[in-house]
Amino acid sequence: MTIKFTEEHEWLRVEGDLVVVGITEHASEQLGDVVFVELPEPGTKVAKGDEICVIESVKAASDILAPVDGEIVEVNEALSDNPALVNEDPLGAWFFKMKVEDMEQLDAFMSEEDYKDFIG
Amino acid sequence: MTDGVTGAAPCRFDSAAEGIAAEVAMLAQVAATGQPARLLWQARVPAIVLPAACLRRPGFAAAAGRAAAAGWPLLARPTGGGPVPQGPGVLNLALVFPAEAGLTLEAGYRRICAPLTAAFARLGLTVSAGATGGSFCDGAWNLSLAGRKIVGTAQRWQRRDGGWAVLAHALILIDPPLAAVVPVIDRLHRDLEFGTRVLPDAHTSLRAERPDLGVPDFIRALGEEDTDGSPAPAQGRAA
């Protein structure tokens, strides 16, 4: 299973022709207890860098960006009911799944090892 | 630097919604230009401002109706935390700046707390950062005086080309009607099932500590500090 990481502390996991997106453990630790996640609408076409989610914690609020061009095909409604899942299991608490035509877009992102170096 | 301060007077808005909108616009501007900005503002009309997360809580509509009936309508804001008062007696400082690589939330909080701490010191008051049990919107980056909250802080981060733009916001209690609003916020906590109480004795204000001082004095004291969003000297971390 391929997993990549962005400099914005998102993880991207490839599942067939879909890319599953969440935030890293480092990001969830930085944010503290997550209390609210605003998810995008399935069917939304997004471009890389679009602000498509808002995540709110006890310490701050931040945007989650579309890491690549594509279409949102599914969102994790469980996060709406229980945002704390982001803290409990960051790698399991996915936010949305994207259909991506050009998987080569992911080549630009970091491997797990590179990401660990990135966050020091 | 864009400066929302004119002499010793803050920008005055009718509604806190206008102040919040001005902060959001500044964040977008800084995200686009990379130029830091700051704004000091007050709202004329009292309100309780709370994060969007609260709007989804069961019982929100009824709680909002009760608060409005008590003279404290509810407004949403784009930062995290809990309900806070706005209106006369509350001064807001917004610092908006591009984040250098590796900036942490804690560093962002230090950056806004440092000039405020120095301003209070100039007025003879020693404040420290840390959680203040029983205060509204409690967090590790309150500024408190002898265990009573006098400043609350929050942040919003927005992506910009090559990094992030940061809105660091401070709510400074100059002379708010704490005896009136704290019970309303406490009721909100119960109505929205936060599981925490808000107590009047957990807060203080500049006027309560120094009856001879007001908004112009605080802004003058702050004006002597660097509040352009540049990195602050290292300080001890709050718990």
Side-chain angles (χ1 to χ4, degrees), chain A residues 6-10 21 23-40 46-68 75 77-87 95 108-110 114-120, chain B residues 20 23-24 27-28 31 50-58 60 76-83 99 101-110 112 129 131 137-142 152-169 192-196 237-239:
Chain A
T6 74
E7 292 186 354
E8 290 75 40
H9 308 291
E10 296 163 354
V21 180
I23 67 168
T24 66
E25 185 173 1
H26 173 79
S28 74
E29 287 173 355
Q30 278 281 302
L31 281 166
D33 294 341
V34 174
V35 296
F36 176 67
V37 176
E38 186 178 285
L39 296 165
V46 298
K48 179 181 178 179
D50 285 354
E51 296 162 2
I52 52 176
C53 287
V54 175
I55 184 167
E56 193 177 293
S57 76
V58 294
K59 291 163 79 175
S62 180
D63 302 312
I64 293 178
L65 309 177
V68 291
V75 298
E77 295 289 358
L79 298 185
S80 297
D81 298 330
N82 186 9
L85 291 171
V86 176
N87 301 108
F95 283 67
F109 298 119
M110 291 178 276
D114 290 342
Y115 179 70
K116 284 178 178 171
D117 289 341
F118 175 70
I119 60 176
Chain B
I20 293 166
E23 291 184 347
V24 170
L27 182 58
L50 70 187
C54 296
L55 277 59
R56 286 197 176 184
R57 285 186 174 258
F60 175 78
R77 68 169 190 265
T79 53
L103 185 83
T104 62
L105 281 170
E106 281 68 24
Y109 280 114
R110 281 196 292 275
I112 194 163
C137 196
D138 191 22
W141 291 96
N142 298 326
T153 55
Q155 287 186 57
R156 168 91 191 198
W157 287 47
Q158 181 174 318
R159 191 78 171 94
R160 63 182 299 267
D161 189 25
W164 295 86
V166 179
L167 162 64
H169 175 267
L192 300 180
E193 299 182 359
F194 285 156
T196 53
R237 289 176 178 232

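Side-chain atoms are counted along with the backbone in the values below, which use heavy atoms only and exclude waters and symmetry mates. Naming convention: chains lettered A, B, ... in sequence-line order (proteins, then strands); numbering from 1 in each chain. What you see is a predicted model, and the numbers here were worked out from it, not measured in a lab.
In this structure, the separation between CH2 on W157(B) and CD1 on I55(A) is 13.5 Å, given to the nearest 0.5 Å. Annotation: the span from L65(A) atom CG to Q158(B) atom CD amounts to 9.5 Å, rounded to 0.5 Å. Going from atom CD of E29(A) over to atom OG1 of T104(B) covers 13.0 Å, rounded to the nearest 0.5 Å. Remark: I64(A) CD1 to R159(B) CZ distance equals 13.0 Å, nearest 0.5 Å. Rounding to the nearest 0.5 Å places NZ of K59(A) at 9.0 Å from CH2 of W141(B). Summarising the geometry, atom CG belonging to L31(A) is positioned 10.0 Å from atom CD belonging to Q155(B); distances are rounded to the nearest 0.5 Å.
At a 4.5 Å heavy-atom cutoff, the contact between P78(B) and chain A is made by backbone atoms alone. At a 4.5 Å heavy-atom cutoff, the contact between A52(B) and chain A is made by backbone and side-chain atoms alike. Of the atoms belonging to Q30(A), heavy atoms from both backbone and side chain fall under 4.5 Å from chain B. The part of V58(A) that comes within reach of chain B is its backbone (N, CA, C, O), which places non-hydrogen atoms under 4.5 angstrom from that chain.
With respect to chain B, the highest number of heavy-atom pairs below 4.5 Å among E8(A), E51(A), E7(A) belongs to E8(A). In terms of non-hydrogen atom pairs under 4.5 Å with chain A, the most contact-rich of G80(B), G163(B), G81(B) is G80(B). Of the residues considered (A61(A), S62(A), G49(A), S80(A)), A61(A) shows the highest number of contacts with chain B, using heavy-atom pairs under 4.5 Å. Counting heavy-atom pairs closer than 4.5 Å to chain A, the top residue among G82(B), P51(B), G108(B) is P51(B).
The heavy-atom pair separating A60(A) from L105(B) by the smallest distance is CB-CD2, 3.4 Å.
Residues R156(B) and V54(A) have side chains in contact (heavy-atom distance under 4.5 Å, counting atoms from C-beta outward).
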